[in-house]
Amino acid sequence: MYTENDVQRVLFTDAQLKSRVDSLAETISADYKGTYPLFIAVLKGSFVFYSDLLRAMALPVQADFMSVSSYGEGSVSSGRVKIIKDSDADVRGRDVLIVEDIIDSGNTLYALKNLLVQRGAKSVKICALLDKASRRTADVSADYVGYEIEDEFVVGYGLDYAERYRSLPYIGILKRSVYEK
């Protein structure tokens, strides 16, 4: 069980998120005008952002999903991607936009982007709602970013801690006492 009292403070309200998603959709729609891009959501955390982004787009897109993890020694990401759920779409010759909730180390996205290029994608770009650039260890950056944030543990709007807090309509900073037990 959890409560909103577990949130130290709200970082982005639902109104701020809607406005930023609409702005991203406008920019992305202009950049992909005249094409039929493939948008691949990285599950699970991006599903709320992805849904709102798709609905705000001014052009048709093909929607697909992947679930991946990068694994290594303990909690340290190796950057090797383990595909849990692969894309159903053929990426060969396609403009692909990976939609991610948050980039921190970047290891998983670096490997995923390279995988899609190896599979023959015409182009692969990244759209991330949140970017923790201070934690980056892989040479990857997002082409579209909702917000750059400090190194805080954030939840809500699809982001979770232990499969909790995804349904919060805002993004908040989780109290350390919740996850440092």
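As the structure is a computational prediction, the values presented were derived from the model and not from experiment. The figures that follow rest on heavy atoms only: side chains count, while hydrogens, waters and symmetry mates do not. Starting from 1, each residue takes its place in the sequence as its number.
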Only counting residues at least two apart or in another chain, list the ones meeting side chain to side chain contact (heavy atoms under 4.5 Å, CB included) with [X].
X	answer
Ser29	Met57, Ala58, Leu59
Arg176	Tyr179, Glu180
Asp90	Arg92
Asp160	Glu163, Arg166

Quick check: does any side chain N or O of [X] sit under 3.5 Å from a backbone N or O of [Y], one acting as donor and the other as acceptor?
X	Y	answer
Ser23	Ser19	no
Arg20	Val145	yes
Asp95	Pro37	no
Asp64	Asp88	yes
Arg55	Ser51	yes

Under the side-chain hydrogen bond (donor to acceptor under 3.5 Å, both in side chains) rule, what do Asp52 and Tyr157 come out as? Steps first, then yes or no, please. CA-CA 10 Å; Asp52 287 349; Tyr157 198 67; 2.6 Å; yes
Heavy-atom distance under 4.5 Å between the side chains of [X] and [Y], does that happen here?
X	Y	value
Asp31	Glu26	no
Ile28	Asp143	no
Asp6	Val155	no
Lys175	Gln8	yes
Cys127	Leu53	yes

State whether [X] and [Y] are salt-bridged, where the test is any N-O pair (Lys NZ or Arg NE/NH1/NH2 against Asp/Glu carboxylate O) under 4.0 Å.
X	Y	answer
Lys18	Asp22	yes
Arg119	Asp86	yes
Asp151	Lys132	yes

How about Gln62: does its CD atom have over 12 heavy atoms from other parts shown lying under 6.0 Å from it?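 Result for CD/Gln62: enclosed.
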So Leu159 and Leu130, side chain to side chain contact (heavy atoms under 4.5 Å, CB included) or not? Walk me through it. CA-CA 10 Å; Leu159 293 115; Leu130 303 175; 4.1 Å; yes
Starting at [atom1] of [X], measure out to [atom2] of [Y] and round the result to the nearest 0.5 Å.
X	Y	atom1	atom2	answer
Ile171	Leu17	CD1	CG	4.5 Å
Leu116	Ile98	CG	CD1	5.0 Å
Ile103	Asp131	CD1	CG	5.0 Å

Pairs satisfying ring pair (Phe, Tyr, Trp, His ring centres under 6.0 Å), at least one member in residues 40-59, at least two apart: Tyr50-Phe65
Quick one: ring pair (Phe, Tyr, Trp, His ring centres under 6.0 Å) pairs with a partner in residues 4-40, sequence neighbours left out?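 Listed by first then second residue: Phe12-Tyr147.
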Is the distance between the ring centroids of Tyr161 and Phe153 less than 6.0 Å?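 Yes, the ring centres sit under 6.0 Å apart.
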Can you name the nearest heavy-atom pair linking Ala63 to Leu54, along with the distance?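 Looking at all heavy atoms of both residues, the shortest contact is CB-CD1, 3.8 Å.
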Decide side-chain hydrogen bond (donor to acceptor under 3.5 Å, both in side chains) for Asp139 and Tyr110; before the verdict, give the C-alpha distance in whole Å, the side-chain angles of both, and the deciding distance to 0.1 Å. CA-CA 7 Å; Asp139 185 19; Tyr110 178 82; over 6 Å; no
